[in-house]
Amino acid sequence: MAKVIIKLENDISTDDIYPGRYMATVLPSETPQFAFADRTDFNAKLRAKAFAPGSIIVGGENFGCGSSREQACSTLKGHDVAVVAKSISRIFLQNSINLGLQVVICPDIGASVGDDLEITEDHVVNRTTGKTYDQVKLPAARKGIMDAGGLIPYTRARLMATRS
Amino acid sequence: MGMTVVEKILARAASLPAVVAGEVVEPQVDLAMSHENAALVINQFQEVFEGTGLTAKVWDPARIAIIFDHRVPAESPKTATNHKKIREFVAATGIAKFHDIRGDVGGICHQILPEFGYVRPGFVVVGTDSHTTSHGALGAFSFGIGATEMASAWALGIAMNIEVPATIKVVVKGVFPPFVGPKDLILRLIGELTAQGANYKVLEFHGETIRKMSTSGRIAICNMSVEAGATSGIVPGDEETVRYLREEAGVTDAIDCVTPDPDATYIRTVEIDVSALEPQIACPHMVDNVKPIGAVVGKRIQQIVIGSCTNGRLDDLADAAAILRGKKVAEGTRMLVFPASSKIFGQALDKGYIQDFMKAGAVVMNSGCGPCLGVHEGALGDGETALSTTNRNFKGRMGNPKSEVYLCSPVVAAASAITGVITDPRKGA
Ligand code: SF4
């Protein structure tokens, strides 16, 4: 079970999650400092480690739209947060799976900041309101990458298989 | 059952007799493009090989393109060091399609790829940039991926776990009225579909208007298809595609245009008649907040930007120069022009457009992304408003979350530069 730490509107772009002016910073070890940099209060709390690991960002529709910048995923992964959104933009979803950032598509999610959510295999349960919401499951092929721990180990295994 | 263009391309690239939307395939990659974010790709690529005992080798250096465009010349030591790291990797790896910061062969990645004939109809193109959708203009299936996925493509030569996207057929008919063109068409379409209306889908463009449209216009519409969430936009290759590749890109080898089967399955068909289309404006802070120009005429503008992979080509500059010739940029408004490539810059010089801009008071900058993504030149001040021919207006996109960006066509940008307020070019500037 984890707390909702922010609730965001529809169409949150990767420019919002990781502003373009920090794009020269690329290493996953360095990107977390700029998460939601223009939302200064939230950014400060993230950097101060004010939230427990596994805390949840609730998004609306089309979360992660716009630029393909992978920093938008590594910056969140670095803070060990999860994303539950009504729908997620294609490249952001793929990048999240590739980097092992937990993202859950939950079209009807109802949650407020401070609510306790439990993410199960197929549902998201809001323990504060007692309501249960269905998840949209990822295609099996994508799950394979998640189960491998991300695209790097997945590719590494493929590479070993093809080159040996 | 018939296949759409993208289904046909994916079937070939995955060595399958046929594919259907929803199936997961692993297509061979024909071209893999990155820009400055190759610095991250290199990092992830090297990590793939860690502990394997294998030498980190790319699958095919001839199929990798790297173009410096986002922050050129470097705006910071950090960027310059990334550039340096990439240059060293390129030299060590033998990547041939490399475009450094140069005044002869430099430019924006989405302009360089078509211009140098790197993209062909039927290709599978991946790029670490969301506007990689642009290359659908040449009949390729071209889409954006992240840096780690690119590292995987560099290692294996395939795109991982691609779900065959469903296709929306867009049929465009009618002749554009004066001062209305491809940018207005795509803005209008995004307004109609919404920013996520084509999420996980492909927009396949058809109709007489598209057949008559230049490759430049097709690039603009495929470029912005991603703003409706589309995996890609695509114009099936035709005579114009062959003409462009032969005459403008100097391609001499065989060109094989892939067309959809007559009985292909589309999940939706959208029809648009452009004969009565008005100039369109995307208002802050979403690309799908599109209004006909009348709704925002008179809005005060501090910065006009003409350029980007959407509208920085020669025809765009010609249209803007024709309006500005002999006129002046309004006091209190600054105008920045970024030709999409060095080649276009040179052509615009020869044709006198650069002189037209400069005499009008515009600042002409080196080709590259410029202020489009808010990391380089042309940042906005608090409370300022820009009118730009680029493709995104998210909050903070031009470097300042306390500013606003409106998107428009080159003719609207030029007409508005003269007055300093959003101006309808049809009314005469
Ligand atoms: S011009 Fe703008 S949209 Fe095009 S590649 Fe550069 S930053 Fe991206």
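Since the structure is predicted, the reported quantities are computational estimates derived from the model, not experimental observations.
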Spatial distance of atom CD1 (I88(A)) from atom OH (Y200(B)) [nearest 0.5 Å]: 6.5 Å

Approximate separation, where rounding is to 0.5 Å, of M160(B) CE and I97(A) CD1: 13.5 Å

Residue E50(B) versus chain A: region with a heavy atom under 4.5 Å: both

Heavy-atom donor-acceptor pair, N82(B) side chain to A24(A) backbone, under 3.5 Å: yes

Which of V226(B), T194(B), I145(B) touches chain A most, by non-hydrogen pairs under 4.5 Å: I145(B)

Chain A contact via V24(B) - side chain, backbone, both or neither, heavy atoms under 4.5 Å: side chain

E47(B) versus R156(A), closest heavy-atom pair with distance: O-NH2, 2.6 Å

Atom group of I42(B) that falls short of 4.5 Å from chain A, counting heavy atoms: neither

Structural part of N62(A) lying under 4.5 Å from a heavy atom of chain B: both

Side chain E149(B), main chain N98(A), donor-acceptor under 3.5 Å: no

Minimum-distance pair of heavy atoms, taken over all atoms of A155(B) and L159(A): O-CD1, 4.0 Å

Partner chain A: residue of E36(B), H131(B), M286(B) with the largest heavy-atom pair count (under 4.5 Å): M286(B)

Contact winner vs chain B - D16(A), N10(A), D11(A), heavy-atom pairs under 4.5 Å: D11(A)

Contacting moiety of R392(B), where chain A heavy atoms sit under 4.5 Å: side chain

E70(A) to A147(B) - nearest heavy-atom pair and separation: OE1-N, 2.7 Å

S67(A) to S130(B) - nearest heavy-atom pair and separation: CA-OG, 3.6 Å

Most chain A-contacting option - heavy-atom pairs closer than 4.5 Å, from G229(B), G396(B), A195(B): A195(B)

T148(B) vs N95(A) side-chain heavy atoms within contact, under 4.5 Å: no

Heavy-atom neighbours of K45(A) NZ exceed 12 at 6.0 Å: no

Donor-acceptor under 3.5 Å (R90(A) side chain, G144(B) main chain): yes

Atom of G66(A), atom of F394(B) and distance for their closest heavy-atom approach: CA-CE1, 3.7 Å

Spacing of NZ belonging to K143(A) relative to CG belonging to N161(B), to within rounding of 0.5 Å: 13.0 Å

Chain A contact via A151(B) - side chain, backbone, both or neither, heavy atoms under 4.5 Å: neither

CZ-CG distance between R21(A) and N400(B), expressed to the nearest 0.5 angstrom: 8.0 Å

Rounded distance [0.5 Å steps], CG in L138(A) versus CD in E163(B): 9.0 Å

Which atoms of P153(A) approach chain B - backbone, side chain, both or neither, heavy atom under 4.5 Å: neither

Side chain / backbone / both / neither for E26(B) at chain A, heavy atoms under 4.5 Å: side chain

Test side-chain contact (heavy atoms from CB on, under 4.5 Å) applied to Q44(B) and L151(A), step by step: CA-CA 10 Å; Q44(B) 304 299 81; L151(A) 188 60; over 6 Å; no

Heavy-atom contact with chain B under 4.5 Å, split by part of T14(A): neither

Proximal component of Y154(A), with respect to chain B [non-hydrogen, under 4.5 Å]: side chain

Option passing side-chain contact (heavy atoms from CB on, under 4.5 Å) with M23(A) (candidates T79(B), L40(B), L373(B), N37(B)): L373(B)

Heavy-atom side-chain contact between D15(A) and K395(B) under 4.5 Å: no

Value rounded to 0.5 Å, distance of NZ in K402(B) from CG in D38(A): 9.0 Å

